[in-house]
S.K.: 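Sending over a structure as structure tokens; questions will come in a sec.
Just so you know, these numbers come straight off a predicted model, no measurement behind them.
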Amino acid sequence: MADQQVTPFVSLDDFERYAVRNLDRNALDYYRSGAQDMHTLRSNQSAFDKITLRPRILHDVSQVTTQTTILSSPVSSPICIAPTAMQKMAHPEGECATARAALETNTLMCLSSWSTTSMEEVAECTRSSGSSGAERWLQLYVYKDRGSTRRLVERAQEAGYSAIALTVDTPFLGRRLPDIRNRFQLPPHLTMANFADSGKREVGKVEDASGATNASGLAAYVASQIDPTLSWEHVRWIKQIASIPVLLKGILTHEDALLAVEAGVDGIIVSNHGGRQLDTVPATIDVLEEVCLAVRGRIPVFLDGGVRRGTDVFKALALGARGVFLGRPVLWALNYNGQEGVVEMLRMINEELRLAMALSGCVNVGDIKRHHVRVPGEPMPMPKL
């Protein structure tokens with residue numbers, strides 16, 4: 001795949017341009033589409049551009065490090081790998097290649113429940129060198145079949161996953177027009193590998209239980225399997241059955257952030273599902289500070305959605321995020337060159353973050369503060385005379 005490259009890749013956009021040329025239409029449209037008219041998908045990226053940096057100068061930045069901790073685990077960078085489904089559509093080695101890239105760069109990977117590689121195989125494929133593997137979380141949906149949900153949690157714990165990222169914004173699948181036009185389904189040689197022992201492993205071969213017309217295979221799958229009664233009681237139930245931390249993925253308001261704290265969760269991922277669920281909700285960076293102010297440091301807050309540059313990461317950290325998660329860029333890099341492509345992409349954006357830190361007068365992640373950014377509509381800081 002990578003031998004088609006003509007000029008060196010110098011930004012994350014280059015990986016996307018490669019994937020647009022090389023992925024088949026079914027996979028490409030599934031990966032890059034957003035809900036309805038895709039306003040939120042676009043604003044996830046453009047909202048970062050409206051935030052300006054306020055660099056401080058004349059600091060010794062000869063030694064800059066991006067190392068930090070996430071849920072007390074040391075990682076090389078606050079840039080983590082988000083859960084993205086069905087990665088073998090992008091590359092034959094799929095999630096295993098991504099997991100090995102996470103190990104090589106010493107960062108956190110969150111595995112999708114809808115992985116085309118089982119969670120046990122993903123854990124095992126990073127242990128061949130004698131390592132215990134990179135830090136891994138499992139992203140989880142609540143299924144109508146409570147036993148199936150419980151087994152996923154138990155298997156994750158047994159396989160060494162260190163946290164559960166419970167997705168709470170998907171009682172139904174968002175209306176993604178390209179998937180509807182393509183009648184999206186998982187290619188026949190692939191399955192949702194975490195459900196090999198059940199009837200939940202195939203996408204595109206189930207009836208749409210919601211009665212919706214012109215639905216994609218995935219929308220039909222979600223309607224038939226995922227529990228639309230999802231509530232705070234389910235969150236408390238997951239907390240009861242899990243012996244590892246539970247984070248909520250899909251919080252966008254301070255009201256829900258406060259309820260999350262009250263429910264005893266261990267963290268929040270500010271997420272609009274990559275703009276794939278409810279169109280015209282805010283960009284995640286636009287609501288990050290609202291959530292962080294509500295939480296008041298009681299639990300860590302993370303962000304996904306639209307991060308494409310090191311300066312984006314810097315801005316998210318300045319506004320209160322403990323770390324950020326990359327989704328689509330991982331898929332584009334995976335399609336480009338498997339494990340090596342993901343490693344190259346992660347190192348590229350991490351070097352961009354390191355440069356942004358240095359040019360802003362920060363030598364470690366803890367130095368990045370709120371005064372380093374100015375958001376739209378905020379008064380210009382003025383000196384006290």
S.K.: Looking at every non-hydrogen atom in both residues, tell me the closest pair between Cys96 and Val122 and how far apart they are.
M.R.: SG-CA, 4.2 Å
S.K.: Residues in side-chain contact (heavy atoms from CB on, under 4.5 Å) with Ser46, at least two apart?
M.R.: Ser43
S.K.: How does the hydrophobic cluster around Met38 look, that is, which other residues are in it when side-chain heavy atoms under 4.5 Å mark a link?
M.R.: Leu41
S.K.: Are the side chain of Thr149 and the backbone N or O of Val142 linked by a donor-acceptor pair below 3.5 Å?
M.R.: no
S.K.: Between the side chains of Gln277 and Arg175, is a donor N or O closer than 3.5 angstrom to an acceptor N or O?
M.R.: no
S.K.: Between Phe15 and Tyr336, what is the ring plane arrangement, given parallel below 30°, perpendicular above 60°, and tilted in between?
M.R.: perpendicular
S.K.: What residues, two or more places apart in sequence or in another chain, satisfy side-chain contact (heavy atoms from CB on, under 4.5 Å) together with Asp266?
M.R.: Lys239, Pro245, Val246
S.K.: Between Asp29 and Arg25, is the closest basic N to carboxylate O distance under 4.0 Å?
M.R.: yes
S.K.: Hydrophobic cluster membership, with links at side-chain heavy-atom distances under 4.5 Å among I/L/V/M/F/W/Y: are Val168 and Val265 in one?
M.R.: yes
S.K.: Any pair with a residue in residues 53-81 that passes salt bridge (charged side-chain N to carboxylate O under 4.0 Å, His left out), sequence neighbours left out, goes on the list, sorted by first then second residue, please.
M.R.: none
S.K.: Is the closest side-chain donor-acceptor distance between Asn44 and Asn272 under 3.5 Å?
M.R.: yes
S.K.: Less than 3.5 Å apart, any donor N or O on the side chain of Asp279 or His39 sitting next to an acceptor on the other?
M.R.: no
S.K.: Please report the shortest heavy-atom distance between Leu53 and Pro55, naming the atom on each side.
M.R.: O-CD, 3.4 Å
S.K.: Applying salt bridge (charged side-chain N to carboxylate O under 4.0 Å, His left out) as the test, list every pair that has at least one member in residues 67-87; sequence neighbours left out.
M.R.: none
S.K.: Could you tell me whether Glu378 atom CD has more than 12 heavy atoms of other residues or ligands within 6.0 Å of it?
M.R.: yes
S.K.: Is NZ or CZ of Arg309 both nearer than 6.0 Å to the six-membered ring centre of Phe314 and within 45° of the ring axis?
M.R.: no
S.K.: What pairs of residues pass the side-chain hydrogen bond (donor to acceptor under 3.5 Å, both in side chains) test when at least one of them lies in residues 284-296, not counting sequence neighbours?
M.R.: His254-Glu290, Glu289-Arg370
S.K.: Taking atom OG of Ser73 and atom CZ of Arg136, what is their separation to the nearest 0.5 Å?
M.R.: 11.5 Å
S.K.: Can you list every salt bridge (charged side-chain N to carboxylate O under 4.0 Å, His left out) pair that touches residues 241-265, not counting sequence neighbours?
M.R.: Lys249-Asp304
S.K.: Does any pair with a residue in residues 105-120 pass salt bridge (charged side-chain N to carboxylate O under 4.0 Å, His left out), and if so which ones, sequence neighbours excluded?
M.R.: Glu120-Arg155
S.K.: Measure the spacing between CH2 of Trp114 and OH of Tyr141 and express it to the nearest 0.5 Å.
M.R.: 4.0 Å
S.K.: Please enumerate all residues that pass ring-ring contact (aromatic ring centres under 6.0 Å, His included) together with Trp137, with sequence neighbours excluded.
M.R.: Phe302, Phe325
S.K.: If we ignore hydrogens and angles and just use 3.5 Å, is the side chain of Ser224 paired with the main-chain N or O of Tyr221 as donor and acceptor?
M.R.: yes
S.K.: Return the set of residues passing side-chain contact (heavy atoms from CB on, under 4.5 Å) with Gln339 (not counting sequence neighbours), or none when no residue passes.
M.R.: Ala97, Arg100, Ala101, Glu104, Val343
S.K.: With a 4.0 Å cut-off on N to O distance, would you call Arg236 and Glu233 a salt bridge?
M.R.: yes
S.K.: Regarding Glu352 and Thr311, is there a side-chain donor-to-acceptor distance under 3.5 Å anywhere?
M.R.: no
S.K.: Looking only at the side chains, is there a donor atom on one of Thr66 and Asn350 sitting less than 3.5 Å from an acceptor on the other?
M.R.: yes
S.K.: Can you list, by chain and residue number, the hydrophobic cluster partners of Leu58 when the side-chain cut-off is 4.5 Å?
M.R.: Ile57
S.K.: Between Phe195 and Tyr143, is the ring centroid distance below 6.0 Å?
M.R.: yes
S.K.: Would you check if there is a donor-acceptor pair between the side chains of Ser11 and Asp13 at a distance under 3.5 Å?
M.R.: no
S.K.: I'd like to know if the side chain of Asn106 reaches the main chain of Val75, judged simply by a donor and an acceptor atom lying under 3.5 Å from each other, with no hydrogens or angles considered.
M.R.: no
S.K.: From Leu111 CG over to Glu121 CD, what is the distance, rounded to the nearest 0.5 angstrom?
M.R.: 11.0 Å
S.K.: Judged by atom type as modelled, is there a donor-acceptor pair below 3.5 Å linking the side chain of Gln157 to the main-chain atoms of Ser243?
M.R.: yes
S.K.: With sequence neighbours left out, write down each residue that passes side-chain contact (heavy atoms from CB on, under 4.5 Å) with Gln240, or none if nothing qualifies.
M.R.: Trp237
